[in-house]
There are 2 protein chains.
Amino acid sequence: MPKSAPAFDAPLPLADNLCFAVYSTALAFNAVYKPILDRLHLTYPQYLVMLVLWQQDDVPVKDIGRLLHLDSGTLTPLLKRLEAIGYLARRRHAADERQLRITLTDAGRALADQARSIPQGIGAACGLGWDELGKLRDQLTQLREQLDRAAEASRPAPAAVR
Amino acid sequence: MPKSAPAFDAPLPLADNLCFAVYSTALAFNAVYKPILDRLHLTYPQYLVMLVLWQQDDVPVKDIGRLLHLDSGTLTPLLKRLEAIGYLARRRHAADERQLRITLTDAGRALADQARSIPQGIGAACGLGWDELGKLRDQLTQLREQLDRAAEASRPAPAAVR
DNA sequence: GGCAATTAGATTGCACACAAAGTATTTATT
DNA sequence: AATAAATACTTTGTGTGCAATCTAATTGCC
(Lines give C-alpha, C1' and ligand atoms only; values in the text may rest on other atoms or scores of the structure.)
Protein backbone atom coordinates (compact mmCIF):
# COMPACT_ATOMS: atom_id res chain seq x y z
CA MET A 1 0.00 0.00 0.00
CA PRO A 2 1.41 3.39 -0.98
CA LYS A 3 2.20 6.10 1.54
CA SER A 4 -0.57 8.54 0.66
CA ALA A 5 -3.47 6.30 1.54
CA PRO A 6 -7.19 7.07 1.19
CA ALA A 7 -8.20 10.12 3.18
CA PHE A 8 -11.60 8.95 4.39
CA ASP A 9 -11.07 5.74 6.27
CA ALA A 10 -10.74 7.50 9.62
CA PRO A 11 -13.64 9.02 11.61
CA LEU A 12 -12.04 12.33 10.77
CA PRO A 13 -9.50 12.58 7.98
CA LEU A 14 -6.01 12.20 9.33
CA ALA A 15 -4.62 15.61 8.45
CA ASP A 16 -7.57 17.26 10.15
CA ASN A 17 -7.06 14.94 13.05
CA LEU A 18 -3.45 15.97 13.50
CA CYS A 19 -4.45 19.61 13.45
CA PHE A 20 -7.16 18.95 16.01
CA ALA A 21 -4.69 17.07 18.20
CA VAL A 22 -2.35 20.06 18.14
CA TYR A 23 -5.21 22.49 18.71
CA SER A 24 -6.70 20.68 21.68
CA THR A 25 -3.30 19.90 23.20
CA ALA A 26 -2.53 23.60 23.14
CA LEU A 27 -5.76 24.28 25.04
CA ALA A 28 -4.99 21.48 27.50
CA PHE A 29 -1.50 22.90 28.12
CA ASN A 30 -3.08 26.25 28.83
CA ALA A 31 -5.39 24.66 31.40
CA VAL A 32 -2.36 23.16 33.17
CA TYR A 33 -0.39 26.41 33.12
CA LYS A 34 -3.29 28.59 34.21
CA PRO A 35 -3.47 27.84 37.95
CA ILE A 36 0.33 28.08 38.15
CA LEU A 37 0.59 31.33 36.23
CA ASP A 38 -2.38 32.83 38.08
CA ARG A 39 -0.15 33.02 41.13
CA LEU A 40 2.24 35.26 39.14
CA HIS A 41 -0.65 37.28 37.64
CA LEU A 42 0.40 36.15 34.17
CA THR A 43 -1.38 34.57 31.22
CA TYR A 44 0.53 32.07 29.10
CA PRO A 45 1.38 34.51 26.29
CA GLN A 46 2.45 37.04 28.91
CA TYR A 47 4.65 34.35 30.45
CA LEU A 48 6.25 33.76 27.06
CA VAL A 49 7.09 37.46 26.82
CA MET A 50 8.61 37.34 30.30
CA LEU A 51 10.70 34.29 29.30
CA VAL A 52 12.05 36.31 26.38
CA LEU A 53 12.88 39.25 28.64
CA TRP A 54 14.52 37.07 31.29
CA GLN A 55 16.84 35.87 28.54
CA GLN A 56 17.52 39.30 27.12
CA ASP A 57 16.42 42.63 28.48
CA ASP A 58 15.81 45.83 26.50
CA VAL A 59 14.25 44.31 23.39
CA PRO A 60 12.19 45.98 20.66
CA VAL A 61 8.62 44.75 20.23
CA LYS A 62 9.47 43.47 16.79
CA ASP A 63 12.05 41.01 18.16
CA ILE A 64 9.55 39.66 20.68
CA GLY A 65 7.10 39.22 17.84
CA ARG A 66 9.63 37.37 15.72
CA LEU A 67 10.59 35.04 18.56
CA LEU A 68 7.02 34.25 19.60
CA HIS A 69 5.43 34.45 16.12
CA LEU A 70 3.00 37.12 17.30
CA ASP A 71 2.17 40.41 15.61
CA SER A 72 1.93 43.91 17.02
CA GLY A 73 -1.85 43.77 17.20
CA THR A 74 -1.49 41.04 19.80
CA LEU A 75 1.60 42.36 21.54
CA THR A 76 0.73 46.03 21.95
CA PRO A 77 -2.17 45.50 24.38
CA LEU A 78 -0.43 42.55 26.05
CA LEU A 79 2.66 44.63 26.78
CA LYS A 80 0.52 47.48 28.06
CA ARG A 81 -1.04 45.10 30.58
CA LEU A 82 2.37 43.88 31.70
CA GLU A 83 3.40 47.50 32.09
CA ALA A 84 0.22 48.26 34.05
CA ILE A 85 0.98 45.53 36.61
CA GLY A 86 4.55 46.78 36.87
CA TYR A 87 6.61 44.00 35.32
CA LEU A 88 8.10 46.01 32.46
CA ALA A 89 8.57 49.46 31.00
CA ARG A 90 7.81 50.64 27.47
CA ARG A 91 10.10 53.37 26.20
CA ARG A 92 10.80 54.75 22.72
CA HIS A 93 14.35 54.09 21.54
CA ALA A 94 16.34 57.33 21.38
CA ALA A 95 18.28 56.33 18.26
CA ASP A 96 15.12 55.27 16.41
CA GLU A 97 11.89 56.72 17.70
CA ARG A 98 9.85 54.15 15.78
CA GLN A 99 11.11 51.37 18.03
CA LEU A 100 9.54 50.70 21.40
CA ARG A 101 12.08 49.10 23.71
CA ILE A 102 10.81 46.78 26.42
CA THR A 103 12.79 46.58 29.64
CA LEU A 104 12.17 44.68 32.86
CA THR A 105 11.38 46.49 36.08
CA ASP A 106 12.77 45.23 39.38
CA ALA A 107 9.47 43.46 39.98
CA GLY A 108 9.72 41.85 36.56
CA ARG A 109 13.23 40.64 37.25
CA ALA A 110 12.26 39.39 40.71
CA LEU A 111 9.46 37.35 39.17
CA ALA A 112 12.03 35.05 37.54
CA ASP A 113 12.71 33.47 40.93
CA GLN A 114 9.08 32.57 41.41
CA ALA A 115 8.91 31.19 37.88
CA ARG A 116 11.95 28.97 38.22
CA SER A 117 10.02 25.91 39.34
CA ILE A 118 7.39 26.08 36.61
CA PRO A 119 9.09 23.96 33.91
CA GLN A 120 9.57 21.02 36.28
CA GLY A 121 5.90 21.12 37.19
CA ILE A 122 4.86 21.22 33.56
CA GLY A 123 7.30 18.48 32.66
CA ALA A 124 5.77 16.27 35.33
CA ALA A 125 2.26 17.03 34.07
CA CYS A 126 3.30 15.82 30.61
CA GLY A 127 4.19 12.41 31.95
CA LEU A 128 6.96 12.02 29.39
CA GLY A 129 10.63 11.25 29.72
CA TRP A 130 13.28 13.83 28.98
CA ASP A 131 14.11 12.40 25.57
CA GLU A 132 10.51 11.89 24.48
CA LEU A 133 9.79 15.50 25.43
CA GLY A 134 12.66 16.71 23.30
CA LYS A 135 11.79 14.52 20.36
CA LEU A 136 8.19 15.67 20.32
CA ARG A 137 9.26 19.31 20.55
CA ASP A 138 11.64 18.87 17.62
CA GLN A 139 9.01 17.19 15.46
CA LEU A 140 6.52 19.94 16.18
CA THR A 141 9.05 22.67 15.54
CA GLN A 142 9.84 21.10 12.17
CA LEU A 143 6.14 20.82 11.43
CA ARG A 144 5.58 24.46 12.32
CA GLU A 145 8.40 25.54 10.03
CA GLN A 146 6.91 23.47 7.23
CA LEU A 147 3.46 24.98 7.85
CA ASP A 148 4.95 28.48 7.84
CA ARG A 149 6.46 27.77 4.43
CA ALA A 150 3.14 26.41 3.16
CA ALA A 151 1.24 29.46 4.42
CA GLU A 152 3.84 31.75 2.89
CA ALA A 153 3.55 29.97 -0.44
CA SER A 154 -0.24 30.28 -0.52
CA ARG A 155 -0.18 33.96 0.42
CA PRO A 156 -0.81 36.40 -2.46
CA ALA A 157 2.46 37.52 -4.01
CA PRO A 158 3.64 40.91 -2.67
CA ALA A 159 2.28 42.89 -5.61
CA ALA A 160 5.33 43.00 -7.84
CA VAL A 161 6.13 46.63 -8.61
CA ARG A 162 6.44 47.04 -12.34
CA MET B 1 23.08 10.19 32.82
CA PRO B 2 19.60 9.70 34.27
CA LYS B 3 16.44 10.42 32.36
CA SER B 4 15.35 13.54 34.23
CA ALA B 5 18.31 15.71 33.33
CA PRO B 6 18.97 19.28 34.55
CA ALA B 7 16.17 21.62 33.57
CA PHE B 8 18.24 24.68 32.70
CA ASP B 9 20.72 23.66 30.07
CA ALA B 10 18.46 24.69 27.20
CA PRO B 11 17.79 28.29 26.13
CA LEU B 12 14.29 27.73 27.44
CA PRO B 13 13.55 24.84 29.75
CA LEU B 14 12.40 21.83 27.78
CA ALA B 15 8.90 21.45 29.16
CA ASP B 16 8.17 25.09 28.37
CA ASN B 17 9.68 24.55 24.98
CA LEU B 18 7.37 21.66 24.20
CA CYS B 19 4.37 23.74 25.22
CA PHE B 20 5.55 26.61 23.05
CA ALA B 21 6.05 24.24 20.13
CA VAL B 22 2.46 23.03 20.50
CA TYR B 23 1.18 26.57 20.94
CA SER B 24 2.91 28.04 17.92
CA THR B 25 2.16 25.00 15.74
CA ALA B 26 -1.53 25.46 16.52
CA LEU B 27 -1.29 29.07 15.36
CA ALA B 28 0.62 28.01 12.23
CA PHE B 29 -2.03 25.40 11.41
CA ASN B 30 -4.66 28.08 11.73
CA ALA B 31 -2.79 30.27 9.26
CA VAL B 32 -2.78 27.41 6.74
CA TYR B 33 -6.48 26.62 7.23
CA LYS B 34 -7.61 30.23 7.14
CA PRO B 35 -7.45 31.01 3.39
CA ILE B 36 -9.05 27.63 2.65
CA LEU B 37 -11.84 28.00 5.21
CA ASP B 38 -12.45 31.63 4.24
CA ARG B 39 -13.93 30.32 1.00
CA LEU B 40 -16.52 28.39 3.04
CA HIS B 41 -17.10 31.36 5.40
CA LEU B 42 -15.87 29.23 8.30
CA THR B 43 -13.31 29.70 11.04
CA TYR B 44 -11.35 26.66 12.21
CA PRO B 45 -13.45 26.06 15.35
CA GLN B 46 -16.58 26.45 13.23
CA TYR B 47 -15.15 23.91 10.79
CA LEU B 48 -14.64 21.50 13.68
CA VAL B 49 -18.30 21.87 14.62
CA MET B 50 -19.31 21.22 11.01
CA LEU B 51 -17.10 18.10 10.96
CA VAL B 52 -18.98 16.83 14.00
CA LEU B 53 -22.34 17.54 12.39
CA TRP B 54 -21.37 15.93 9.10
CA GLN B 55 -20.65 12.80 11.10
CA GLN B 56 -23.81 12.95 13.16
CA ASP B 57 -26.70 15.34 12.77
CA ASP B 58 -29.10 16.51 15.50
CA VAL B 59 -26.63 16.74 18.39
CA PRO B 60 -26.98 18.54 21.73
CA VAL B 61 -24.48 21.33 22.41
CA LYS B 62 -23.07 19.34 25.28
CA ASP B 63 -21.96 16.50 22.99
CA ILE B 64 -20.24 18.92 20.66
CA GLY B 65 -18.47 20.39 23.65
CA ARG B 66 -17.36 16.98 24.86
CA LEU B 67 -16.03 16.00 21.45
CA LEU B 68 -14.17 19.26 20.83
CA HIS B 69 -13.18 19.96 24.45
CA LEU B 70 -14.94 23.33 24.32
CA ASP B 71 -17.37 24.76 26.84
CA SER B 72 -20.76 26.31 26.27
CA GLY B 73 -19.43 29.83 26.71
CA THR B 74 -17.43 29.28 23.55
CA LEU B 75 -20.02 27.28 21.67
CA THR B 76 -23.14 29.38 22.24
CA PRO B 77 -21.99 32.42 20.24
CA LEU B 78 -20.17 30.25 17.70
CA LEU B 79 -23.31 28.22 16.99
CA LYS B 80 -25.36 31.40 16.75
CA ARG B 81 -23.00 32.64 14.03
CA LEU B 82 -23.30 29.37 12.14
CA GLU B 83 -27.06 29.68 12.44
CA ALA B 84 -26.93 33.29 11.21
CA ILE B 85 -25.10 32.28 8.02
CA GLY B 86 -27.59 29.48 7.51
CA TYR B 87 -25.52 26.33 8.03
CA LEU B 88 -27.44 24.96 11.02
CA ALA B 89 -30.56 25.32 13.12
CA ARG B 90 -30.79 25.60 16.91
CA ARG B 91 -33.93 24.10 18.41
CA ARG B 92 -34.88 23.12 21.94
CA HIS B 93 -35.36 19.40 22.40
CA ALA B 94 -39.02 18.57 22.96
CA ALA B 95 -38.30 15.78 25.43
CA ASP B 96 -35.90 17.95 27.45
CA GLU B 97 -36.28 21.66 27.04
CA ARG B 98 -32.86 22.31 28.58
CA GLN B 99 -31.16 20.72 25.63
CA LEU B 100 -30.50 22.69 22.48
CA ARG B 101 -30.31 20.34 19.51
CA ILE B 102 -28.15 21.37 16.57
CA THR B 103 -29.22 20.21 13.12
CA LEU B 104 -27.75 20.89 9.70
CA THR B 105 -29.63 22.93 7.14
CA ASP B 106 -29.52 21.98 3.46
CA ALA B 107 -26.80 24.59 3.00
CA GLY B 108 -24.85 23.07 5.87
CA ARG B 109 -25.13 19.59 4.38
CA ALA B 110 -24.19 20.89 0.93
CA LEU B 111 -21.05 22.45 2.37
CA ALA B 112 -19.61 19.00 3.00
CA ASP B 113 -18.94 18.63 -0.71
CA GLN B 114 -16.86 21.78 -0.82
CA ALA B 115 -14.98 20.68 2.29
CA ARG B 116 -14.09 17.26 0.96
CA SER B 117 -10.76 18.30 -0.50
CA ILE B 118 -9.53 20.16 2.58
CA PRO B 119 -7.75 17.31 4.42
CA GLN B 120 -5.60 16.47 1.39
CA GLY B 121 -4.50 20.08 1.11
CA ILE B 122 -3.64 20.25 4.79
CA GLY B 123 -1.85 16.92 4.64
CA ALA B 124 0.30 18.22 1.82
CA ALA B 125 1.07 21.41 3.75
CA CYS B 126 2.36 19.30 6.64
CA GLY B 127 4.97 17.69 4.42
CA LEU B 128 4.75 14.44 6.38
CA GLY B 129 4.09 10.90 5.32
CA TRP B 130 0.87 9.12 6.21
CA ASP B 131 2.45 7.10 9.00
CA GLU B 132 4.37 10.01 10.51
CA LEU B 133 1.17 12.05 10.53
CA GLY B 134 -0.65 9.31 12.40
CA LYS B 135 2.16 8.74 14.88
CA LEU B 136 2.39 12.41 15.74
CA ARG B 137 -1.37 12.64 16.17
CA ASP B 138 -1.36 9.64 18.51
CA GLN B 139 1.47 11.04 20.62
CA LEU B 140 -0.29 14.38 20.93
CA THR B 141 -3.61 12.77 21.76
CA GLN B 142 -1.92 10.77 24.52
CA LEU B 143 -0.22 13.92 25.76
CA ARG B 144 -3.50 15.81 25.84
CA GLU B 145 -5.15 13.03 27.82
CA GLN B 146 -2.28 13.09 30.28
CA LEU B 147 -2.54 16.90 30.57
CA ASP B 148 -6.28 16.65 31.13
CA ARG B 149 -5.63 14.25 34.00
CA ALA B 150 -2.99 16.58 35.47
CA ALA B 151 -5.32 19.58 35.21
CA GLU B 152 -8.13 17.59 36.80
CA ALA B 153 -5.88 16.52 39.66
CA SER B 154 -4.80 20.08 40.40
CA ARG B 155 -8.35 21.41 40.31
CA PRO B 156 -9.93 22.12 43.71
CA ALA B 157 -11.89 19.09 44.95
CA PRO B 158 -15.65 19.42 44.27
CA ALA B 159 -16.51 20.55 47.80
CA ALA B 160 -17.34 17.23 49.45
CA VAL B 161 -20.84 17.41 50.91
CA ARG B 162 -20.76 16.46 54.60
C1' DG C 1 17.13 68.82 0.14
C1' DG C 2 12.67 66.70 -1.17
C1' DC C 3 9.62 63.00 -1.89
C1' DA C 4 8.48 58.03 -2.13
C1' DA C 5 8.88 53.74 0.01
C1' DT C 6 9.75 51.24 4.03
C1' DT C 7 9.52 50.23 8.81
C1' DA C 8 7.71 49.98 13.76
C1' DG C 9 3.90 50.25 16.45
C1' DA C 10 -0.97 51.50 17.49
C1' DT C 11 -5.87 51.08 16.62
C1' DT C 12 -10.20 48.91 15.31
C1' DG C 13 -13.08 45.13 14.48
C1' DC C 14 -14.14 40.26 14.70
C1' DA C 15 -13.91 35.63 16.64
C1' DC C 16 -12.43 32.58 19.84
C1' DA C 17 -11.66 30.52 24.90
C1' DC C 18 -12.78 30.34 29.53
C1' DA C 19 -14.22 31.80 34.38
C1' DA C 20 -18.06 33.17 36.91
C1' DA C 21 -22.60 34.06 37.52
C1' DG C 22 -27.41 33.70 35.93
C1' DT C 23 -31.79 31.32 34.08
C1' DA C 24 -34.77 27.66 32.97
C1' DT C 25 -35.76 22.86 33.15
C1' DT C 26 -35.44 18.34 35.03
C1' DT C 27 -34.36 14.93 38.56
C1' DA C 28 -33.84 13.50 43.32
C1' DT C 29 -35.23 13.63 48.08
C1' DT C 30 -38.09 13.69 51.65
C1' DA D 1 -46.38 17.57 46.31
C1' DA D 2 -42.69 20.72 47.78
C1' DT D 3 -38.09 21.68 47.74
C1' DA D 4 -33.21 20.88 46.89
C1' DA D 5 -29.83 19.55 43.69
C1' DA D 6 -28.27 18.83 39.27
C1' DT D 7 -28.19 19.82 34.35
C1' DA D 8 -27.99 22.54 29.96
C1' DC D 9 -27.33 26.46 28.16
C1' DT D 10 -26.77 31.85 28.24
C1' DT D 11 -24.55 36.07 29.56
C1' DT D 12 -20.79 39.02 30.93
C1' DG D 13 -16.13 40.20 31.35
C1' DT D 14 -11.14 39.54 30.32
C1' DG D 15 -7.44 38.34 27.32
C1' DT D 16 -5.70 36.74 23.31
C1' DG D 17 -4.84 36.41 17.86
C1' DC D 18 -5.05 38.39 13.43
C1' DA D 19 -6.56 41.29 9.32
C1' DA D 20 -6.82 45.85 7.89
C1' DT D 21 -5.91 50.41 8.42
C1' DC D 22 -3.50 54.29 10.44
C1' DT D 23 0.39 57.30 12.21
C1' DA D 24 4.97 58.57 12.85
C1' DA D 25 9.73 58.00 11.97
C1' DT D 26 13.47 56.55 8.98
C1' DT D 27 15.67 55.24 4.76
C1' DG D 28 16.31 55.43 -0.37
C1' DC D 29 16.56 57.68 -4.40
C1' DC D 30 16.87 61.41 -7.50
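Reminder, nothing fancy here: chain letters follow the sequence lines and each chain counts from 1. Just so you know, these numbers use all the heavy atoms, side chains as well, and skip hydrogens, waters and symmetry mates. Values in this document were obtained by computation on a predicted structure and should not be read as measured data.
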Check every atom of D:dA19, D:dG17, C:dC18 against the side chain of B:K34 and return the nucleotide holding the closest atom.
D:dA19
Taking atom C1' of D:dA20 as reference, at what distance in whole Å does atom CG of B:D38 sit?
13 Å
Under 4.0 Å between any heavy atoms, over every strand shown, what does A:L75 touch: base, sugar-phosphate, or nothing? Just pick one.
nothing
Please work out if A:P60 contacts a base, only the sugar-phosphate, or nothing of the nucleic acid, heavy-atom cut-off 4.0 Å.
sugar-phosphate
Thinking salt bridges, do B:K135 and B:D131 make one under a 4.0 Å N-O criterion?
no
Would you mind classifying the nucleic acid contact of A:S72 as base, sugar-phosphate or nothing, using non-hydrogen atoms under 4.0 angstrom?
base
Atom-pair distance (OH on B:Y44; P on C:dC14), nearest Å
25 Å
Picking from C:dA17, C:dG9, C:dT11, the nucleotide nearest the side-chain atoms of A:K80 would be C:dT11
Between A:E83 and A:R90, does at least one N-O distance fall below 4.0 Å, as a salt bridge requires?
yes
To the nearest angstrom, the CD-P distance between A:E83 and C:dA10 comes to 10 Å
Side chains of B:Y23 and A:N30: is there a donor and an acceptor less than 3.5 Å apart?
no
Side-chain donor-acceptor pair under 3.5 Å between B:D71 and B:T74, yes or no?
yes
Whole-Å gap separating P (D:dT16) and CZ (A:R81)
5 Å
Within the structure shown, what part of the strands sits under 4.0 Å from B:R101 by heavy-atom distance: base, sugar-phosphate, or nothing?
nothing
With a non-hydrogen cut-off below 4.0 angstrom, is A:L78 in contact with a base, only sugar-phosphate, or nothing?
sugar-phosphate
Starting at the 5' end of DNA chain C, which residue's closest nucleotide do you reach first, B:G73 or A:G73?
A:G73
Can you tell me the distance, in whole Å, between the CG atom of B:L37 and the C1' atom of C:dC14?
16 Å
Considering only D:dT26, C:dA17, D:dC18, which nucleotide approaches the side chain of A:R98 most closely?
D:dT26
How is A:T43 classified with respect to the nucleic acid when contacts are heavy atoms under 4.0 Å: base, sugar-phosphate, or nothing?
sugar-phosphate
A:K62 has its side chain closest, among D:dC9, C:dA8, D:dC18, to C:dA8
Figure out the CD/P separation between B:E97 and D:dA6, and round it to whole Å.
23 Å
Which is more 5' along DNA chain C, the nucleotide nearest A:L100 or the one nearest B:H69? Just name the residue.
A:L100
Is the phosphate of C:dC16 approached by A:Y23 (side-chain N or O, under 4.0 Å from OP1 or OP2)?
no
B:Q99 CD to D:dT10 C1', in whole Å, measures 16 Å
B:Q146 versus B:R144, side-chain donor and acceptor atoms under 3.5 Å
no
Phosphate OP1/OP2 of C:dA10: any A:R92 side-chain N/O under 4.0 Å:
yes
If each of B:T74 and A:Q46 is mapped to the nucleotide of DNA chain D with the nearest heavy atom, which maps nearer the 5' terminus, i.e. the 5' end?
B:T74
Could you check how far CG of B:D96 sits from P of D:dT7, rounded to whole Å?
12 Å
Check whether the side chains of A:D16 and B:Y33 place a donor and an acceptor atom closer than 3.5 Å, and report yes or no.
yes
Is the phosphate of C:dA10, meaning OP1 or OP2, less than 4.0 Å from a side-chain N or O of A:R90?
yes
